[in-house]
Amino acid sequence: MEIAKVDLRGVVPGKQGWEAARAAVTASMVAHGFVVVAHDDALGPDLRRAVFGRALPELFALPAEAKQRTAAADSSFLKAGYVGHLPGTAWESLLVDEPSDAAAVRRVADLLWPEGNTEFCETMVSLAKNMLNLQETVEALTLEGLGVPAESVRAHMGMLGHCARLSHYGAPPDAETCMSMRPHYDNTLVTVIVQHEVEGLEVHVGGGRWVAVPPEPGTFTIVAGEQLRVATNGRVPACFHRVRTPSNRERFTVLFTLAHKEGVEVRALEDLVDEEHPLLFNPLSIEEYSKWLYWEEGHKFEDPLKAYCGVNKDDGAVA
Ligand SMILES: O=C(O)CCC(=O)C(=O)O
Ligand SMILES: [Fe+2]
């Protein structure tokens, strides 16, 4: 299957191109739970070089104790800070909260480089601002495309927070399967995945078929997470995806997530619940759900979200 790309260059609300982009983005999100967009202005050659040629290699080359200074007390990969080499993985990652806020990035950078690293901070903030913009555009296009009125979209946006995840993958631990991250759903609303030169991201397109998304410069993959499935009352499925690198090379990626702020319940947008579309999911605390999913029995279910908060749980089959 060839993945269609939606060109978002110069697409702004109400201007020419917005309606066509809205139709294409919504169709892809509804059909697959992801959309690949072309938007080379969001990461031009200079910024790309600063991110992947400098900021990420420099960060992950730091001694382990420097990276550990940013780690959460319980080393959870769901909390801001560094997590390294979980069992069975060659993956290490740094999660930064509100990366478009210079002071927030600076706090993390000062732990990593006590002598300061202005260039790292500037690079991250520039990229984060562009990615936040891109995510808000895709989120607004999708919701509008589903018929949600502009004021509901605005109210929804007001409940969201933004995070960046910078990742480094060593060569896949199993050279035969080449799997670097097992299939999963993100627990976010949307995640934009920025790849660079080395392949890895694969999305499930149904019927056990996986499609690799090539790491083409100027393109970004936006995957829907479980929060968007709840918010859209099931219209947008969460994207099942994984990381597999057949070339067995090391790899850097940057992800940006948009998700409900901590403590804010995730619930279906009222405009998307009616007689024809009865409520599918009860309101959800993402913190409670994530605990259940990762550390309790959640992982046993084929459709954990449905098993946890589905209005009809009967078919949340155990895997
Ligand atoms: O590195 C990638 O391409 C995707 C990683 C991913 O899906 C995740 O961290 O949730
Ligand atoms: Fe993911």
Side-chain angles (χ1 to χ4, degrees), residues 3 5-11 36-63 66-67 70 82 84 90-138 162-172 180-181 191-201 212-223 243 245-257:
I3 296 178
K5 269 186 244 103
V6 182
D7 196 342
L8 288 187
R9 275 169 299 190
V11 170
V36 179
V37 303
H39 197 317
D40 40 17
D41 311 343
L43 180 57
D46 290 345
L47 187 53
R48 178 170 283 273
R49 221 171 296 118
V51 173
F52 289 104
R54 177 126 192 224
L56 268 75
E58 213 172 80
L59 160 66
F60 289 108
L62 283 170
K67 294 182 276 193
T70 68
Y82 175 78
W91 174 71
E92 54 177 335
S93 180
L94 178 77
L95 185 69
V96 182
D97 266 335
E98 298 306 329
S100 51
D101 171 2
V105 175
R106 173 87 192 273
R107 274 195 294 278
V108 181
D110 283 351
L111 291 170
L112 294 163
W113 295 280
E115 69 284 11
N117 188 339
T118 315
E119 197 173 327
F120 177 88
C121 295
E122 286 173 0
T123 300
M124 287 323 304
V125 172
S126 304
L127 179 63
K129 284 185 175 159
N130 294 354
M131 293 299 113
L132 180 58
N133 202 328
L134 178 63
Q135 286 181 298
E136 289 184 338
T137 302
V138 170
H162 190 222
C163 279
R165 182 182 284 291
L166 320 181
S167 291
H168 170 235
Y169 300 82
S180 287
M181 187 177 280
T191 306
V192 53
I193 299 171
V194 190
Q195 306 190 85
H196 177 67
E197 289 180 357
V198 179
E199 83 290 354
L201 177 64
V213 185
E216 269 172 41
T219 67
F220 305 89
T221 311
I222 290 100
V223 302
V243 178
T245 302
S247 67
N248 279 310
R249 283 176 292 170
E250 77 168 334
R251 174 173 186 265
F252 294 104
T253 56
V254 190
L255 269 61
F256 289 88
T257 62

[X] side-chain N/O to [Y] backbone N/O, donor-acceptor pair under 3.5 Å:
{"X": "Thr70", "Y": "Tyr82", "value": "yes"}
{"X": "Thr219", "Y": "Val37", "value": "no"}
{"X": "Glu119", "Y": "Arg54", "value": "no"}
{"X": "Glu199", "Y": "Ala212", "value": "no"}

Margin query: Over 60° means perpendicular and under 30° means parallel, so tell me whether Trp91 and Tyr169 are parallel, tilted or perpendicular.
Written below: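 Rings of Trp91 and Tyr169: tilted, as their planes differ by 30° to 60°.
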Check: Taking the six-membered ring for Trp, are Trp113 and Phe120 parallel (under 30°), tilted (30 to 60°) or perpendicular (over 60°)?
Finding: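 Ring orientation, 0 to 90° scale: tilted.
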Quick one: pull up [atom1] in [X] and [atom2] in [Y] and give me the separation to the nearest 0.5 Å.
{"X": "His196", "Y": "Arg49", "atom1": "NE2", "atom2": "CZ", "value": "10.0 Å"}
{"X": "Asp40", "Y": "Leu8", "atom1": "CG", "atom2": "CG", "value": "11.0 Å"}
{"X": "Cys163", "Y": "Glu98", "atom1": "SG", "atom2": "CD", "value": "6.5 Å"}
{"X": "Leu111", "Y": "Leu62", "atom1": "CG", "atom2": "CG", "value": "11.5 Å"}
{"X": "Ile193", "Y": "Arg165", "atom1": "CD1", "atom2": "CZ", "value": "11.5 Å"}
{"X": "Leu59", "Y": "His168", "atom1": "CG", "atom2": "NE2", "value": "10.0 Å"}

Kindly give the heavy-atom pair with the smallest separation between [X] and [Y], and that separation in Å.
{"X": "Arg48", "Y": "Gln195", "value": "NH1-O, 3.5 Å"}
{"X": "Val198", "Y": "Ser247", "value": "CG1-OG, 4.3 Å"}
{"X": "Pro57", "Y": "Val51", "value": "CD-O, 4.0 Å"}
{"X": "Val105", "Y": "Pro99", "value": "CG2-O, 3.2 Å"}
{"X": "Leu56", "Y": "Ser167", "value": "CD2-O, 3.9 Å"}

Margin query: Among Leu127, Asn130, Val254, Leu134, exactly one meets side-chain contact (heavy atoms from CB on, under 4.5 Å) together with Leu43. Which residue is that?
Written below: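 Testing Leu43 for a side-chain contact (heavy atoms from CB on, under 4.5 Å) against Leu127, Asn130, Val254, Leu134 leaves exactly one candidate, Leu127.
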Checklist line | Evaluation steps, side-chain contact (heavy atoms from CB on, under 4.5 Å), between Thr137 and His39 | finding: CA-CA 12 Å; Thr137 302; His39 197 317; over 6 Å; no
Next item on the list: Test Asn117 against Leu112 for side-chain contact (heavy atoms from CB on, under 4.5 Å), laying out the working first.
Entry: CA-CA 9 Å; Asn117 188 339; Leu112 294 163; over 6 Å; no
Next item on the list: Test side-chain contact (heavy atoms from CB on, under 4.5 Å) on Ser180 and Arg251 and set out the steps.
Entry: CA-CA 10 Å; Ser180 287; Arg251 174 173 186 265; over 6 Å; no
Notebook entry, point to check: Please walk me through it: do Val194 and Met131 pass side-chain contact (heavy atoms from CB on, under 4.5 Å)?
Noted result: CA-CA 9 Å; Val194 190; Met131 293 299 113; 4.0 Å; yes
Checklist line | Exceeds 12 heavy-atom contacts within 6.0 angstrom, atom CZ of Arg106 | finding: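 No.
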Next item on the list: Using a cut-off of 6.0 Å, state whether more than 12 heavy atoms not belonging to Arg249 lie near its atom CZ.
Entry: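 Yes.
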Check: Hey, are Arg9 and Asp41 close enough for a salt bridge, meaning a charged N less than 4.0 Å from a carboxylate O?
Finding: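 The answer is no: the pair does not qualify as a salt bridge.
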Check: How about Phe52 and Glu197: do any of their side-chain heavy atoms sit closer than 4.5 Å?
Finding: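 Not in contact.
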